[in-house]
Amino acid sequence: MNTGTKCVQAGYTPGNGEPRQIPIIQSTTFKYATGKEMAKLFDLESNGYFYTRLQNPTNDMVAAKIAALEGGTAAMLTSSGQAATFYAVFNIAGCGDHVVSSSSIYGGSYNLFAVTMKRMGVEFTFVSPDCTEEELNAAFRPNTKAVFGETIANPALTVLDIEKFAKAAHAHGVPLIVDNTFATPINCRPFEWGADIVTHATTKYMDGHGTGVGGAVVDSGKFDWTKYPDKFPGLCTPDESYHGVTYTERFGLEGAFITKATAQLMRDFGSIQSPQNAFYLNLGLESLHVRMKRHCENGLAVAQFLKSHPNVTWVQYPGLEGDKYYERTMKYMPDGSCGVVSFGVKGGRDAAEAFMGRLKVAAIETHVADARTCCLHPASTTHRQMNDDELRAAGVSPDLVRYSCGLEDAEDLIADIKQALEQ
Ligand SMILES: *Cc1c(COP(=O)(O)O)cnc(C)c1O
């Protein structure tokens with residue numbers, strides 16, 4: 001199947017007389033005839049559902065669709081993008097371990113790594129997404145367990161050189177984890193460029209309608225954990241909490257990572273997506289390929305208009321010719337990047353705030369990647385505690401407006417921006 005067909009059909013094939021749409025299995029628990037059958041599930045000896053804190057059939061159908069879209073072997077849904085990021089990293093890096101991450105990542109991921117996971121004993125070294133191979137290689141330590149980056153970073157809109165990061169990760173015997181939220185598998189499939197694990201905030205384009213917060217973790221099944229049993233004992237040695245199962249032996253390279261994350265992290269943290277939200281997510285996925293095209297067309301049209309306007313001091317959009325990341329974008333995402341554009345309004349902070357207040361089509365929201373166009377002025381909202389110097393250090397200039405193009409007509413978005421800029 002091609003990508004568009006997978007968006008519509010992958011993950012669920014009804015049998016004769018069965019529901020055409022994915023059934024919502026709104027049940028916490030599942031019934032068995034004998035205790036023996038149930039015991040086998042608890043020992044991971046047979047496959048099946050017993051409690052929705054760990055697994056639910058609706059979620060698994062939707063996760064299978066996302067795995068198919070990314071070209072992976074297994075996937076799981078989580079309650080949020082934050083939970084997906086945490087599970088992907090914590091599944092292989094614990095207390096005393098170290099992770100190399102791009103510094104240009106989502107603010108929530110940065111806090112998770114630099115504050116909360118640090119408290120759990122996991123140390124992070126942050127490197128520029130544009131660092132040299134030498135700088136990247138120098139960031140590794142003997143206890144490094146993974147490398148992390150974002151295909152297109154939110155909100156900085158930097159583009160990750162996936163091949164370069166994968167090469168460095170593999171040279172040090174660790175996997176590359178890529179947050180593919182902004183590009184989506186429609187525009188980029190990181191596994192094709194060497195990434196090993198992909199994460200998503202399905203909250204964004206995959207849902208696409210501002211309906212449900214959610215996340216996903218996908219495994220390529222390609223990273224050979226068994227080559228480095230000392231680095232990844234959790235995958236390569238017996239798990240005493242499951243009567244000594246060794247994940248790589250029992251589930252193979254294609255299933256070990258997601259089975260371990262389900263059996264241990266979902267069991268203990270329970271950050272599962274509700275089956276109802278998984279159903280909404282699937283509705284979004286059915287049109288993802290159609291919507292992404294429009295988001296990208298609108299993004300490019302808005303970026304080109306902004307570039308030509310005298311009241312705009314700078315424009316950043318990965319798909320705009322002349323952008324710092326244009327060539328890298330054409331390599332990794334030749335069919336489109338995303339619908340998010342950032343730009344500076346002439347006159348700085350006050351002008352940016354005044355400009356946004358005059359927009360009529362775009363709404364001011366702490367959100368991106370939605371059917372409805374939305375925008376945010378970080379300096380007066382998400383980053384308002386910082387002074388102008390601190391803002392610059394964080395890569396957010398005082399005049400920066402983040403504008404997320406929805407699915408409306410580009411003409412209306414441009415006319416709206418034009419009247420607000422000219423006031
Ligand atoms: C929003 C976002 C997240 C976090 O997702 P939530 O669903 O809000 O927890 C992670 N990564 C990226 C790139 C995001 O845009």
Side-chain angles (χ1 to χ4, degrees), residues 59 62-63 66 70 75-90 99 101-117 124 126 129 148-160 162 176-188 190 195 197-218 265 269-274 277-278 280-281 284-285 288 292 295 299 318 325 332-333 337-342 365-370 374-376 378 381-383 395-396 402-406:
N59 291 20
V62 181
I66 295 173
E70 288 287 4
M76 71 199 293
L77 297 188
T78 55
S79 56
S80 68
Q82 285 295 103
T85 307
F86 174 64
Y87 278 28
V89 176
F90 198 65
V99 176
S101 173
S102 164
S103 57
S104 189
I105 53 173
Y106 177 65
S109 306
Y110 183 81
N111 275 329
L112 171 67
F113 294 165
V115 181
T116 299
M117 289 191 76
F124 287 78
F126 295 96
F148 184 91
E150 277 176 36
T151 313
I152 305 173
N154 174 17
L157 302 180
T158 55
V159 175
L160 191 73
I162 301 172
L176 172 65
I177 305 171
V178 172
D179 180 336
N180 197 32
T181 297
F182 265 29
T184 81
I186 303 305
N187 289 336
C188 181
I197 310 287
V198 156
T199 61
H200 280 282
T202 60
T203 316
K204 312 293 167 53
Y205 287 118
M206 282 190 169
D207 173 301
H209 301 78
T211 306
V213 170
V217 183
V218 192
L265 303 183
F269 294 108
S271 332
I272 198 151
Q273 192 165 128
S274 77
N277 274 8
Y280 293 136
L281 169 58
L285 289 169
L288 183 65
M292 282 315 288
H295 281 297
Y325 295 98
Y332 290 107
M333 296 163 264
S337 50
C338 67
V340 183
V341 183
S342 54
E365 285 171 30
T366 311
H367 190 41
V368 282
D370 189 75
C374 56
C375 62
L376 186 75
T381 54
T382 49
H383 295 62
V396 177
R402 184 183 70 183
Y403 190 92
S404 169
C405 296

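Both ligands and their constituent atoms are indexed starting at 1 by order of listing. In what follows, residues are counted from 1 in the order of the sequence shown. A quick note: this is a predicted structure, and the numbers were derived from the prediction, not measured.
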Residues with a heavy atom under 4.0 Å from ligand 1, by chain and number, are Ser80, Gly81, Gln82, Tyr106, Glu150, Asn154, Asp179, Thr181, Phe182, Ala201, Thr203, Lys204, Val213, Gly214

Residue set satisfying side-chain hydrogen bond (donor to acceptor under 3.5 Å, both in side chains) with Thr158, at least two apart, ordered chain then number -> Ser104

Tell me, do Met76 and Asn59 make a side-chain contact under 4.5 Å, heavy atoms counted? no

Suppose we screen for side-chain hydrogen bond (donor to acceptor under 3.5 Å, both in side chains). Which residues come up paired with Thr151, at least two apart in sequence or across chains? Asn180

Pair Phe86 + Phe269: ring centers closer than 6.0 Å: yes

Just to verify, what does Tyr87 make a ring-ring contact (aromatic ring centres under 6.0 Å, His included) with, not counting sequence neighbours? none

Just wondering, do Ile152 and Met333 contact through their side chains at under 4.5 Å, heavy atoms? yes

